[in-house]
Amino acid sequence: MSNENLKNFEPKDIQRGIWNQETVSEIEYKARYGKHRIRGCGATRYMPTFDDIMILPSQLSRMSIDTYREPCETRVVLGKRFATKPLVIETPVMIAGMSYGALSKEAKIALAKATALTGTVISNGEGGLLPEERDYSYRQSIQVLPSRFGFSKRNIEAADMLEFLVGIGAKPGLSGHLMGNKISEEIAKLRQLPTGIDLHSHPRHGDAFGADDMVVKMEQLRSLTKGEVPIFIKIAAGRVKEDVKIAVKIGVDGIIIDGAQGGTGAAPVMASNHLGIPTMPALVQAVKALEEMGLKDDVSIIVSGGIKDGADIAKALAIGANAVAIGTGAMVAMGCKVCLKCHNGVCGFGIGTQDPDYRKKLDIDEAAERVANYIRAITNEAVLLAKAAGKSRLKNLEREDLRTLTLEACAMTGIPLVGSDYVFGQRFGFGE
Amino acid sequence: MEYLDALKIKSTQINNMIEEKLIKDKELIIQNPHSMHNIATGLAIDGKVTIKGSTGFYTGGFLEGASVIVEGNAGWYAGDNMMDGELIITKNAGCNAGTYLYGGTIVIRGSAGSRVGYGMKGGTIIVCGSAGRWAGQMTLGGKLILLGKVGKQLGESMYKGVIYIQDEEAKNNLGGNVFIDKITPTEVDELNTLFKKYDIDAKGENFVAIRPMTTGRHTYVLFNPDLTPEKARKELGKNPKKLEKGVAYE
């Protein structure tokens with residue numbers, strides 16, 4: 001063969017293991033700027049998901065429920081441990097906290113309208129409560145964040161649910177990042193910030209340093225809400241077992257666990273990809289912790305991070321969650337293409353931007369209808385799976401209805417591997 | 001004048017009782033507070049509450065409208081998230097006094113612990129004694145007035161607002177992203193009015209203002225220490241064992 005021909009066989013398109021496009025791009029960035037990269041959307045690496053679990057259908061051992069002709073209850077009551085007015089939502093799917101700032105005003109309003117169409121709750125996210133969001137939402141959750149941008153007693157009064165936020169899955173141990181190009185006049189006013197400055201909020205609550213103080217803080221919040229509003233604590237998945245036990249001692253009504261797959265408007269790449277543990281094992285640990293304390297029925301669990309379809313909901317509920325929160329999924333329903341560019345404020349779909357021209361591209365009512373459709377569809381999917389498993393209530397799904405597909409998922413969840421009754425690792429309520 | 005003996009009352013009950021008493025009479029004296037937490041939380045009725053003794057955590061948190069006087073020391077987080085009204089502490093306050101202050105006035109006649117005015121968004125805090133480190137960290141608005149000595153990292157990463165000080169050594173204790181500026185005549189008047197109102201012996205003319213840098217990016221400790229091989233080479237000389245003591249990192 002001549003040299004000319006050999007050239008055609010040079011390995012142009014082959015990637016050498018870890019030295020893939022992403023690694024090369026990361027190194028190029030660092031070589032140029034001498035600091036870590038901040039980017040939108042969250043982790044890009046592979047993490048184990050609920051897809052490694054299968055749901056067992058009902059056959060002879062139990063009867064199935066007719067998918068098309070028989071009802072299945074989807075209503076959920078959240079935070080009934082101490083709160084006198086627990087939160088009642090019609091589907092176990094809530095809209096996760098995404099800030100006005102990370103998202104455009106139009107996107108926030110569309111999400112709020114979607115909750116009114118489906119009867120669920122929306123969380124306001126960092127940076128204050130957009131008045132329109134409160135006006136249109138079915139139920140409003142208010143986050144109490146370490147930064148307290150735009151936060152006052154008025155926000156607490158508007159809340160149907162409070163989230164005392166300790167961390168988020170995409171950057172646990174860190175706090176909100178909002179790049180200067182997304183801080184418009186209006187956002188600067190709401191957050192009391194100067195325009196054009198890169199915002200890095202702080203991760204510790206200035207009025208609750210540590211869990212002991214939070215016990216007293218919780219009493220204060222109860223007093224302010226007259227004990228009516230359910231108070232949740234939102235933690236990023238890490239040492240979940242310990243964190244959940246501490247949260248229970250603090251006196252919360254429920255816990256929101258954000259897995260490492262959780263999305264974000266901007267976060268250091270290192271934080272997204274290497275901090276925290278994935279959603280599925282985090283949920284298992286939380287349920288275990290509550291069962292050890294004998295409080296599984298009292299303390300609600302909401303799980304978020306990578307929830308995308310009805311199967312994820314059904315499996316999360318079967319493992320022990322009371323509800324799930326969706327963020328990226330809802331954004332994709334509005335038109336997001338997950339291009340990882342949320343941080344720079346140039347979002348051609350009018351979602352993750354504050355640019356007046358780009359914002360015009362999002363039709364609020366159409367987007368709201370699409371998000372509502374998405375929530376309806378994934379709720380239906382979960383119902384379909386539950387009925388096939390013989391449940392007339394979504395919340396009746398249980399761990400016994402699950403089997404794991406991979407050794408990894410089996411060891412992580414303590415649910416037996418398909419085709420066997422074996423658990424490789426710690427058992428989780430199976431023949432102990 | 002109404003009285004309330006707090007000796008056998010729980011902190012979960014006291015706020016309802018304070019409200020009831022204030023509806024009857026605009027003045028209330030609380031005796032035996034025994035360092036109780038959460039006294040006067042979210043009190044939204046006009047009136048004057050005098051606490052005869054020291055209080056625990058979160059005194060006057062989310063306070064809205066009332067005037068609360070603590071005749072003693074106050075624990076951590078005094079006046080946190082306060083909306084409006086007045087909180088006067090006659091002795092010292094613990095850490096994080098006036099954290100996330102939204103409005104109203106806090107006067108601490110003694111000294112304050114660390115992080116006074118942490119993330120405050122409005123209102124006024126006056127500390128007549130010294131203030132610990134990280135005072136006014138991440139301030140988003142309002143006025144922090146420190147009459148005595150100040151600790152390290154003063155005003156770290158302030159975004160808005162202003163800190164007034166008269167400690168001449170403060171220039172060595174400044175946090176990142178702030179600078180010392182002259183005080184304007186209007187500000188002097190404002191300070192003197194406040195000092196007169198609360199009977200504080202100080203003159204606005206003696207103060208300087210600390211303001212946030214509003215141009216360019218914030219700089220952070222994250223990007224330190226810079227890798228400084230030249231400096232290390234000089235400091236270490238020919239004796240690399242010095243490294244064990246961490247000389248190169250200080």
Any pair counted as side-chain hydrogen bond (donor to acceptor under 3.5 Å, both in side chains), so long as it reaches residues 29-38 of chain B, sequence neighbours left out: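 Qualifying pairs: A/Glu219-B/Asn38, B/Asp5-B/Asn32.
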B/Ser157, part contacting chain A, at a heavy-atom distance under 4.5 Å: neither
Segment of B/Tyr102 engaging chain A (4.5 angstrom heavy-atom cut-off): side chain
Salt bridge present between A/Glu186 and A/Lys105 (N-O < 4.0 angstrom): yes
Electrostatic pair A/Lys217-A/Asp207, nearest N-O below 4.0 angstrom: yes
Is it the case that more than 12 heavy atoms not belonging to [X] sit under 6.0 Å from its [atom1] atom?
X        : atom1 : value
B/Lys160 : NZ    : yes
A/Arg204 : CZ    : no
B/Tyr164 : OH    : yes

Derivation of the salt bridge (charged side-chain N to carboxylate O under 4.0 Å, His left out) call for A/Lys182 and A/Asp355: CA-CA 8 Å; A/Lys182 282 175 97 168; A/Asp355 185 297; over 6 Å; no
From B/Asn81, B/Asp80, B/Thr41, residue fulfilling side chain to side chain donor-acceptor pair (under 3.5 Å) relative to A/Gln220: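 Only one of B/Asn81, B/Asp80, B/Thr41 forms a side chain to side chain donor-acceptor pair (under 3.5 Å) with A/Gln220, namely B/Asp80.
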Partner chain B: residue of A/Gly180, A/Ser201, A/Ala208, A/Ser147 with the largest heavy-atom pair count (under 4.5 Å): A/Ala208
4.5 Å side-chain heavy-atom contact, A/Ile156 and A/Ile142: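 The answer is no; the side chains never approach within 4.5 Å.
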Any side-chain heavy-atom pair of B/Tyr118 and A/His202 under 4.5 Å: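 A side-chain contact under 4.5 Å exists here.
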Heavy-atom pair count under 4.5 Å with chain A, highest-scoring of B/Met138, B/Lys121, B/Met83: B/Lys121
Chain A interface, residue from B/Thr99, B/Thr12, B/Leu140 that has the most non-hydrogen pairs under 4.5 Å: B/Leu140
Interface residues of residues 58-65 of chain B facing chain A - non-hydrogen atoms under 4.5 Å apart: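 So far as heavy atoms go, B/Tyr58, B/Gly61, B/Phe62, B/Glu64 are the residues that approach chain A to under 4.5 Å.
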Interface residues of residues 42-57 of chain B facing chain A - non-hydrogen atoms under 4.5 Å apart: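 If one takes a 4.5 Å heavy-atom cut-off, the residues of residues 42-57 of chain B near chain A are B/Gly42, B/Ala44, B/Phe57.
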Flag, side chain of A/Gln354 to backbone of A/Gly101, donor-acceptor distance under 3.5 Å: yes
A/His177 (side chain) donor-acceptor with A/Ser175 (main chain) under 3.5 angstrom: yes
Evaluation steps, ring pair (Phe, Tyr, Trp, His ring centres under 6.0 Å), between A/Tyr29 and A/His36: CA-CA 8 Å; A/Tyr29 182 92; A/His36 64 279; 8.6 Å; no
Test log, rule salt bridge (charged side-chain N to carboxylate O under 4.0 Å, His left out), inputs B/Lys143 and B/Glu187: CA-CA 10 Å; B/Lys143 288 194 279 280; B/Glu187 288 174 323; over 6 Å; no
For chain B, which residues of residues 222-231 of chain A have heavy atoms nearer than 4.5 angstrom: A/Ser223, A/Leu224
Intermediate values then yes/no, side-chain hydrogen bond (donor to acceptor under 3.5 Å, both in side chains), A/Glu163 and A/Ser141: CA-CA 7 Å; A/Glu163 289 173 44; A/Ser141 176; 2.7 Å; yes
